[in-house]
Amino acid sequence: MKSFSDKVRDIVRKIPKGRTMTYKEVARKAGNPNAARAVGAVMRMNYDESIPCHRVIASDGGMRGYNRGGEARKRQRLIEEGALRA
DNA sequence: TAGTTGACCGGAA
DNA sequence: ATTCCGGCCAACT
């Protein structure tokens, strides 16, 4: 049995390029539709480049924080991938 | 075991 | 549209 955080990491890693997922969506796929907060907690603790955490955004389409680069960098990256304002 | 914290979400003012 | 408040979950102390 994989832990919730493990599922979240796996799901986020499976997010295709040019596509963004909200914390709530990821939480729902992880098995807990209301665990959006826990998803954010996992992202904060996780520092793996293999996980496109920048493709995970808030339900408002904005971002609350980022580990490296900053929010502006994250948004820029999404636009560059065509996931935002394509 | 219990209390606190935080990359959240939805509704109300 | 912006700001405030309560609620859910997992991890940390």
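Every heavy atom of this structure was used, including side-chain atoms; hydrogens, water molecules and symmetry mates were not. Numbers restart at 1 for each chain; the letters A, B, ... are given by sequence-line order, proteins then strands.
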| said: Considering every strand and a 4.0 Å limit on heavy-atom distances, what is the contact class for A/Tyr23: base, sugar-phosphate, or nothing? | reply: base
| query | So which heavy atom on A/Ala36 is nearest to which on A/Ala27, and how close? | reply | N-CB, 3.6 Å
| remark: Among the nucleotides B/dA7, C/dA11, B/dC9, whichever has the atom closest to the side chain of A/Lys24 is B/dC9
| note | What residues 42-60 of chain A contributes to the DNA chain C interface at heavy-atom separation below 4.0 Å is A/Met45
| task | Measure the shortest side-chain to side-chain distance between A/Met21 and A/Arg28 over non-hydrogen atoms and say whether it is less than 4.5 angstrom. | result | no
| request: Report the residue from A/Ile15, A/Val8, A/Thr22 that forms a side-chain contact (heavy atoms from CB on, under 4.5 Å) with A/Val56. | output: A/Ile15
| note | Contacts satisfying salt bridge (charged side-chain N to carboxylate O under 4.0 Å, His left out) that involve residues 40-57 of chain A (not counting sequence neighbours) are A/Glu49-A/Arg68, A/Arg55-A/Glu81
| message | Once you apply a heavy-atom cut-off of 4.0 Å, does A/Ser5 come out as touching a base, just sugar-phosphate, or nothing? | response | sugar-phosphate
| request: State yes or no: do A/Ile51 and A/Tyr23 share one hydrophobic cluster built from I, L, V, M, F, W and Y residues joined by side-chain heavy-atom distances below 4.5 Å, directly or via other members? | output: yes
| Any Lys/Arg nitrogen of A/Lys7 or A/Asp10 sitting under 4.0 Å from an Asp/Glu carboxylate oxygen of the other? | no
| said: On a heavy-atom basis, which atom in A/Lys24 and which in A/Pro33 lie closest, and how many Å separate them? | reply: CG-O, 3.8 Å
| request: Give the minimum heavy-atom separation between A/Ala30 and A/Ile11, together with the two atoms involved. | output: N-CD1, 3.5 Å
| field | Interface residues of residues 31-38 of chain A with DNA chain C (non-hydrogen, below 4.0 angstrom) | value | A/Asn32, A/Asn34, A/Ala35, A/Arg37, A/Ala38
